[in-house]
Visitor: 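This is the structure I have questions about; it appears just below.
Letters A, B, ... mirror the listed sequences (proteins, then strands); counts begin at 1. Just so we're clear, the structure is a prediction, and the values are computed from it rather than from any experiment.
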Number of protein chains: 2
Amino acid sequence: MSTADNILVVDDDSEIRTLLQEYLTRHGYRVTAVADGPAMQQAMEDARFDLVVMDLMLPGEDGISLCRKLRAHSNLPVIMLTARGEQGDRIAGLETGADDYLPKPFNPRELLARIKSVLRRARSLPQNLELEDVRLFRFGGWRLATATRQLQTAEGVAVPLSGAEYRLLSIFLRYPGTVLSRDRLTELLRGREHKLPFDRSLDVQVSRLRQRLRDDGRGSGVIRAVRGQGYVFALPVEVER
Amino acid sequence: MSTADNILVVDDDSEIRTLLQEYLTRHGYRVTAVADGPAMQQAMEDARFDLVVMDLMLPGEDGISLCRKLRAHSNLPVIMLTARGEQGDRIAGLETGADDYLPKPFNPRELLARIKSVLRRARSLPQNLELEDVRLFRFGGWRLATATRQLQTAEGVAVPLSGAEYRLLSIFLRYPGTVLSRDRLTELLRGREHKLPFDRSLDVQVSRLRQRLRDDGRGSGVIRAVRGQGYVFALPVEVER
DNA sequence: GGCCTTTGTATCAAAGTGTAACAAGCCGCA
DNA sequence: TGCGGCTTGTTACACTTTGATACAAAGGCC
């Protein structure tokens, strides 16, 4: 490990910002603390972070919305701070799309433990690789050659893929084991945002890709739907450069 | 467990000190009760404590400040007693650094529950998400493969599990022989706390899981209800990594 | 046995997911 | 230019999952 991990804290309460700034710095992290969404955007333009700790309740745009936006174009891990057991907001836990959450008030030690756990998990996943670097992907007997864009079964039979199918598969192959939201997948696939609130076209693409992979969508196949979250590629992937 | 947990109560109201001293002692804790900051410092030099219960409002130096000082050099769990009337989020800032808080006036039983919960959390830090290390669980002839999320009977027949069923089962498999309260199960299952006072949806999930496991809920089956406590997974579990 | 609390589960409604079918666009080619 | 084949976005509908509710069954206590 070269340098300390860089953590971005987003909370409108200055007490908490100060507490976390001190505590996390004392434990060997680099910390930037800001109060709201816009300041967060700014901070993220200025520096690269390894993890975000965010309050669910923020003035202006709330944490869920910020988290969703973040997730639409990055893998940055997020830990959400939530109000404890209040009846008002029903959405309290992992439904926020965060990697982990912690109800307020909390002992900073506990936050530290979760930060470590989330970072460890993030690092255990394959690092972002550029598609250009990879010549061949292997997964569960299948092979995908990038040069020819050809998919082969375990028996060596070539399976034709359309352009979108190939792109979608290669996206999944770059993030095996990571839950990708529909927003994220759509952006990676088409380079633009979802338009309609109930756009199902991504699901249809997934369904088509599944047919190519002989994955019936039920049972625990290759591409698994995670209810309310998105899709995961469920097989281990080997890459050949 | 060697000796009883040692709890330090800091409150200027002598009635509360007496009440807590009695109540917590009766429930098996060692209790020291003091009235203010200086007495607290003194007590902490004389003995080692496992948890502090502190009034937010104290004569002289208040609870926030004491808690902050404490945090500067220790992780000792703190439960803060606060005046009622503030909304959860507004108040959350005040207990910055505390592990939990309880609005006054409070039911001693509620405090007891929080003490137990805070102590449990403080002691079992690395328990949150470490399921991924296990490849296979075996219990009473059944097998659960984590990679494919597939459950198999002793005869090798695959039994489909929904997402929630799989998660609930894997929670039980992580704590075989341990009674898990409904609150705890709900939190582990859904990543948030119980909201409704008489929420039976967890029981329904257990019931559905039992159906998958061909456990009729009567007799001494796989998942046993413990009246007034919660549920236990009643079979021995073998883990394969 | 009454009476109350706790647990088990059928049933319902809402939300989420899978995919067939359609339609619009694109491409190459005669 | 017009035609057929392919690709891809959209819509529609069936099906699954899940949380909630209601009520029956079981357990305790007097």
Visitor: Quick one: A:Leu209 CG to D:dT7 P, roughly how many Å, whole number?
Guide: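 Going from CG in A:Leu209 over to P in D:dT7 covers 14 Å.
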Visitor: For B:Gln205 and D:dT17, give me the distance from atom CD to atom P, rounded to whole Å.
Guide: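 Rounded to whole Å, this separation is 11 Å.
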Visitor: Using a cut-off of 4.0 Å on non-hydrogen atoms, how would the nucleic acid contact of B:Arg208 be classed: base, sugar-phosphate, or nothing?
Guide: base
Visitor: Look up atom OG in B:Ser117 and atom CD1 in B:Ile79, then write down how far apart they are to the nearest 0.5 Å.
Guide: 7.5 Å
Visitor: Kindly state each residue pair satisfying ring pair (Phe, Tyr, Trp, His ring centres under 6.0 Å) with at least one member in residues 209-241 of chain A, sequence neighbours excluded.
Guide: A:Phe139-A:Phe233
Visitor: Do the side-chain N or O atoms of B:Ser162 get closer than 4.0 angstrom to the phosphate oxygens (OP1, OP2) of D:dT16?
Guide: no
Visitor: Using a 4.0 Å cut-off to any heavy atom of chain A, which nucleotides of DNA chain C are the first and last in contact, reading 5' to 3'?
Guide: C:dA15 to C:dA21
Visitor: Can we say A:Arg182 and A:Asp203 salt-bridge, meaning some charged N sits less than 4.0 Å from an Asp/Glu carboxylate O?
Guide: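 Looking at A:Asp203 together with A:Arg182, the answer is yes, because their closest N to O distance falls below 4.0 Å.
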Visitor: On the side chain of A:Arg200, is there an atom forming a donor-acceptor pair with the base of D:dT10 - under 3.5 Å, no angle test?
Guide: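 Answer no: no donor N or O sits under 3.5 Å from an acceptor.
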Visitor: Please give, in whole Å, the distance from D:dT18 P to B:Glu165 CD?
Guide: 7 Å
Visitor: In whole Å, I'd like the distance from the CG atom of A:Asp199 to the P atom of D:dA12.
Guide: 14 Å
Visitor: Any salt bridge between A:Glu165 and A:Arg208, counting N to O under 4.0 Å?
Guide: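 The answer is no: the pair does not qualify as a salt bridge.
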Visitor: A:Arg212 has an atom CZ; how far is it from atom P of D:dC6, in whole Å?
Guide: 11 Å
Visitor: Measure the distance from CG on A:Asp203 to P on D:dT11 and round it to the nearest whole Å.
Guide: 14 Å
Visitor: Report the distance from atom CD of B:Gln211 to atom C1' of D:dT16, rounded to the nearest whole Å.
Guide: 15 Å
Visitor: Please check if any side-chain donor atom of A:Asp199 sits under 3.5 Å from a side-chain acceptor atom of A:Ser201, or the reverse.
Guide: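 Per modelled atom types, A:Asp199 and A:Ser201 side chains form a pair under 3.5 Å.
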Visitor: Less than 4.0 Å between a side-chain N and a carboxylate O, is that true for B:Asp50 and B:Arg123?
Guide: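 Here B:Arg123 pairs with B:Asp50 in a salt bridge, since their nearest N and O are under 4.0 Å apart.
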Visitor: Roughly, in whole Å, what's the span from CZ in B:Arg210 to C1' in D:dA25?
Guide: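 Taking CZ of B:Arg210 and C1' of D:dA25, I get 13 Å after rounding.
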Visitor: With a 4.0 Å cut-off on N to O distance, would you call A:Asp55 and A:Lys104 a salt bridge?
Guide: yes
Visitor: Among D:dA20, D:dT18, D:dT8, which is the nearest nucleotide to the side chain of A:Arg227?
Guide: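 Nearest to the side chain of A:Arg227 among the choices is D:dT18.
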